[in-house]
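Working notes, structure below.
So you know, we letter chains A, B, ... as the sequences are listed, proteins then strands, and number each from 1. Heavy atoms only: backbone and side chains are in, while hydrogens, waters and symmetry mates are out. Because the structure is predicted, anything quoted here is derived from the model rather than measured.
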2 protein chains.
Amino acid sequence: MATVAAEDTRAHIIEAAGPIFAEKGFHATTIREICQAAGANLASVNYYFRDKERLYHETVLRASEMRRAEVPLPQWSQETPPAERLKGFIHTIIERMVLMRKAPWQVKLMNREILQPTEACRDLIREYFRPHFEMLLAILDEMLPAGTPDHTRTQLGFSVVSQCLFYRMCEESVAMMVGEEELAAHYQGEQLAAHIARFSLAAFGHGNLADSPNTAS
Amino acid sequence: MATVAAEDTRAHIIEAAGPIFAEKGFHATTIREICQAAGANLASVNYYFRDKERLYHETVLRASEMRRAEVPLPQWSQETPPAERLKGFIHTIIERMVLMRKAPWQVKLMNREILQPTEACRDLIREYFRPHFEMLLAILDEMLPAGTPDHTRTQLGFSVVSQCLFYRMCEESVAMMVGEEELAAHYQGEQLAAHIARFSLAAFGHGNLADSPNTAS
DNA sequence: GCACGTTTCAAACAACTGTTTACTTGCAGG
DNA sequence: CCTGCAAGTAAACAGTTGTTTGAAACGTGC
């Protein structure tokens, strides 16, 4: 049994399917398109994945694995102040979503799942989003008063991540709104991360919006 | 010429197409499905709109018209403080997007356009989003120091609207994250608007997060 | 050499897609 | 009554879709 070659084309198909699913969505993507990009036969998808849906599901999970492996969260020392940790967290999220230009399809695909969940989304939340969100909440805990209720904590977390998500999900609309030149000048990853961190920290009472308005990292 | 009946079925088709396009997207929606829902003949779409794309375009524009007409922005008096105006703005946006349960398809359809713009998006930005965003920026201007650069102003505006957009766009994922009970208890429109207003005003240095943590309006 | 299970392939399948056609209906003005 | 034209309809069109088929090619163990 030539399992090596078999797993090879299997992986080839997922890697070819990723960018296409990410760009056009599930319905607008055709199996023929994927197989052609993968250099595989039309019947390969049904042979290895049984049907189109299962291929999609596996592709989504593969995307989250790749993102986590490529951009790990920073390791903080014990005495790192929570404000610094929040900055690092936001920076990592923005970097995962916006900065790394060479691997954007994983992000686009995951965004599709967040916006229009399929069966794959439960796996995605359990293994990717939930752990990261808990990490964020742990940081916020150190900046919030002791008796802060759970749902307020959660919504404050959402207020932070929603700003990060916005620039990825609404990327094209933002470009239409501000124009290409403005986009290139003031909407690069580091600048956005710095802005979001400054806004959020000001909301938490750490510093104010006038602090270091034009520097990042 | 029976123009009355003609415009009637034309409108019927758009109204039937709206919820379906909103729910399933352009590609996954079939003309047959729309015509059946509209009680019209299969050929009607091509007769009145020439093709599927033009029907979609017109449906998106119709959606924005309906939202603007149904939930107008409040009229502020001259002496209304900017903090109050910001609260009112956020409240209206959240109400347009989340609260009105009877008419959610227009919002879903417009969100689709923001996330994955087609030709219709330029019209949408010009006639809907841009005017509202300018209104928000005018409010922020009164709370910001005089020399605030343009791109910072814009990004602060995005920080506000991104929080509002989040709860609509990621509605299903948020539900998966927090559970249905929590959602019903703490994620209703007024509560979300109050939270976003409190967070944003704290960031602008107006009040802090501990203010009125459990009351709305 | 042969037989075996796995992988690959071209071809066909049935179902569905958006669009067009040819025809009928309904109603106006002459 | 007839003509002209907009509106509605059923049927067919040509193309694409996901999926299945049956045979060929491949590598491996005997």
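Taking only side-chain atoms of B:Asp51, from C-beta outward, the nucleotide of C:dT19, D:dG18, C:dT7 with the closest atom is C:dT19. Nearest nucleotide to the side chain of A:Asn41, out of D:dG18, D:dA12, C:dA10: C:dA10. When each of D:dT19, D:dA12, D:dG8 is scored by its nearest atom to the side-chain atoms of B:Thr9, the top-ranked nucleotide is D:dG8. Among the nucleotides C:dA10, D:dT17, D:dG8, the one closest to the side chain of A:Ala43 is C:dA10. Here C:dT8 is the nucleotide among D:dT17, D:dA7, C:dT8 with the atom lying nearest to any side-chain atom of A:Tyr48.
A:His151 and B:His186 have parallel rings, their planes meeting at less than 30° on a 0 to 90° scale where 60° marks the start of perpendicular. Using bins of under 30°, 30° to 60° and over 60° for the plane-to-plane angle, the ring pair B:Phe158/A:Phe166 lands in the tilted bin. Note: A:Phe199 and B:Phe199 have tilted aromatic rings, judged against thresholds of 30 and 60 degrees for the angle between ring planes.
In terms of phosphate contacts, A:Ser44 brings no side-chain nitrogen or oxygen within less than 4.0 Å of OP1 or OP2 of C:dT7. At D:dA7, one or more side-chain N or O atoms of B:Tyr47 fall inside 4.0 Å of OP1 or OP2 (strictly under the cut-off).
Rounded to an integer number of Å, the gap from CZ of A:Arg10 to P of C:dT6 is 15 Å. In this structure, B:Arg32 atom CZ and D:dA10 atom C1' are separated by 12 Å, rounded to whole Å. Put simply, NE2 on A:His12 is 10 Å from P on C:dT8, counting in whole angstrom units. When the C1' atom of C:dT8 is taken as reference, atom CG of A:Asp8 falls 14 Å away, rounded to whole Å. Straight-line distance from the CG atom of A:Asn46 to the P atom of C:dA11: 18 Å, rounded to whole Å. Following rounding to the nearest Å, B:Arg50 (CZ) and C:dT21 (P) show an atom-to-atom distance of 13 Å. Atom NE2 in A:His27 sits roughly 13 Å away from atom P in C:dC16 (whole-Å rounding). Spacing between atom CD1 of B:Ile31 and atom P of C:dG18 amounts to 5 Å, rounded to whole angstrom units.
Within a 6.0 Å radius of CD in A:Glu58, other residues, nucleotides and ligands contribute more than 12 heavy atoms. In the displayed structure, B:Glu65 atom CD is contacted under 6.0 Å by more than 12 heavy atoms of other residues, nucleotides or ligands.
Computed from C1' positions of five pairs at each end, the angle between the two local axes of the helix from C:dG1-D:dC30 to C:dG30-D:dC1 equals 10°, rounded to 10 degrees.
A salt bridge links A:Arg67 with A:Glu70: at least one charged nitrogen is closer than 4.0 Å to a carboxylate oxygen.
The salt bridge (Lys or Arg N to Asp or Glu O under 4.0 Å) analysis of residues 126-141 of chain A, with sequence neighbours excluded, yields the pairs A:Asp123-A:Arg126, A:Asp141-A:Arg153.
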